[in-house]
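Worksheet: the structure to be examined is printed underneath.
Counting begins at 1 with the first residue of the sequence. All figures in this text were calculated on a predicted structure; none of them were measured in a lab.
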Amino acid sequence: MISTIETGPAAAGAIAFRPHPAHAHRAILSLDLGTTTGWALRSHDGLITSGTVSFRPSRYDGGGMRYLRFRSWLDQIAEDTDGLTAIYFEEVRRHVGTDAAHLYGGFLATLSAWCESHAIAYQGVPVGTIKRHVAAKGNADKVAVMAAVRARGFSPADDNEADAIAILLWAIETDGGVR
């Protein structure tokens with residue numbers, strides 16, 4: 001395991017990890033892409049924060065506004081963290097509906113173009129890999145993933161945030177799939 005949970009005076013809702021010295025200064029963002037995007041961030045100092053952000057369009061927005069807001073949000077995260085080293089996201093291969101597939105494709109296209117333009121490494125992580133890592137079962141349901149994330153000391157508000165935390169834990173503990 002690369003990191004250990006460090007309890008103490010961390011910001012409300014944040015858990016501090018003491019990174020392995022070789023990985024101490026790497027800011028990593030993980031995303032569960034969607035209209036309500038779950039995110040988890042390990043900053044340069046090892047502090048992990050997480051949450052969700054909504055890209056639901058208003059009734060006056062054009063079709064591309066959610067993606068422009070997503071790109072602006074990524075810009076803000078990169079600025080707030082003083083630079084990201086890598087972004088990991090849930091790689092979904094099967095969607096329940098056509099609309100969900102189209103939305104995911106739009107977020108993925110926006111993310112990959114943004115990462116390319118900012119020279120930030122990005123990697124998709126298959127759903128089964130994430131679930132197997134955090135809940136020890138590749139087809140674990142949302143409740144099991146949330147329970148597994150809570151057992152690790154986090155308090156996700158919903159399944160989107162829990163998935164983002166699970167992706168971040170996978171990225172940290174496997175060094176992005178290298179181990």
Side-chain angles (χ1 to χ4, degrees), residues 13-14 23 25-45 47-134 142 145-146 149 154 156-178:
H23 307 281
H25 300 290
R26 293 177 49 197
I28 300 171
L29 177 65
S30 63
L31 301 170
D32 179 21
L33 297 171
T35 297
T36 301
T37 293
W39 61 272
L41 173 72
R42 187 192 66 192
S43 62
H44 295 287
D45 62 4
L47 186 67
I48 292 179
T49 54
S50 63
T52 60
V53 59
S54 176
F55 297 107
R56 187 167 309 281
S58 77
R59 63 188 279 193
Y60 303 108
D61 286 344
M65 283 306 296
R66 73 174 74 222
Y67 307 113
L68 289 174
R69 280 200 299 275
F70 178 54
R71 189 173 69 195
S72 294
W73 181 80
L74 289 170
D75 287 336
Q76 189 64 53
I77 291 287
E79 184 180 319
D80 290 349
T81 61
D82 198 24
L84 292 166
T85 303
I87 297 178
Y88 296 90
F89 60 93
E90 185 178 58
E91 185 176 55
V92 180
R93 293 290 183 187
R94 195 177 114 231
H95 291 87
V96 175
T98 304
D99 288 344
H102 289 182
L103 289 171
Y104 176 81
F107 283 111
L108 181 55
T110 303
L111 176 65
S112 58
W114 186 87
C115 287
E116 293 287 349
S117 69
H118 289 79
I120 296 172
Y122 60 100
Q123 177 181 338
V125 185
V127 174
T129 300
I130 299 161
K131 290 179 177 189
R132 193 173 308 105
H133 180 78
V134 77
K142 294 175 188 291
V145 171
M146 285 188 65
V149 167
F154 296 90
D158 64 14
D159 61 292
N160 300 306
E161 185 177 356
D163 287 349
I165 294 167
I167 296 164
L168 184 64
L169 292 173
W170 175 88
I172 292 168
E173 294 167 5
T174 68
D175 198 20
V178 175

Could you list the donor-acceptor pairs under 3.5 angstrom formed by side chains in residues 57-64, with sequence neighbours left out?
unit_1	atom_1	unit_2	atom_2	d
Ser58	OG	Tyr60	N	3.3
Ser58	OG	Asp61	OD1	3.3
Asp61	OD2	Ser58	N	2.9
Asp61	OD2	Arg69	NH1	2.9
Asp61	OD2	Arg69	NH2	3.2

Tyr67 ring center near Phe107 ring center (under 6.0 Å): yes
Distance (rounded to the nearest 0.5 Å) between Trp170 CH2 and Arg132 CZ: 11.5 Å
Check: Phe89 and Leu29 side chains under 4.5 Å, non-hydrogen atoms: no
Interatomic spacing from OG1 in Thr174 to CG in Leu169 - rounded to 0.5 Å: 10.0 Å
Shortest non-hydrogen contact from Leu84 toward Ile120: O-CG1, 3.8 Å
Heavy-atom side-chain contact between Lys142 and Asp158 under 4.5 Å: no
For Glu90, the option from Leu33, Asp32, Leu31 that meets side-chain contact (heavy atoms from CB on, under 4.5 Å): Asp32
Side chains of Arg66 and Thr37 in contact at under 4.5 Å (non-hydrogen atoms): no
Minimum-distance pair of heavy atoms, taken over all atoms of Ala162 and Pro156: N-CB, 3.6 Å
Any side-chain heavy-atom pair of Glu91 and Gln123 under 4.5 Å: no
Residue pair Asp159 / Val145, side-chain heavy-atom distance below 4.5 Å: no
Under 3.5 Å donor-acceptor, His133 side chain and Ala166 backbone: no
Stepwise side chain to side chain contact (heavy atoms under 4.5 Å, CB included) check, Thr49 with Trp39: CA-CA 8 Å; Thr49 54; Trp39 61 272; 3.6 Å; yes
Inter-residue atom distance Leu41.CG - Ile165.CD1, 0.5 Å rounding: 11.5 Å
Note, Leu103 side chain near Phe55 side chain (heavy atom, < 4.5 Å): no
Nearest heavy-atom neighbours spanning Cys115 and Tyr122: CB-CD2, 3.2 Å
Worked check of side chain to side chain contact (heavy atoms under 4.5 Å, CB included) between Leu111 and Leu74: CA-CA 8 Å; Leu111 176 65; Leu74 289 170; 4.0 Å; yes
Main-chain N/O of Arg26 paired to Arg42 side chain as donor or acceptor, under 3.5 Å: yes
Minimum side-chain heavy-atom gap Leu168-Ile28 below 4.5 Å: yes
Heavy-atom pair of closest approach, residues Gly83 and His44: O-NE2, 3.0 Å
Straight-line distance of Ile172 CD1 to Ser30 OG, nearest 0.5 Å: 8.0 Å
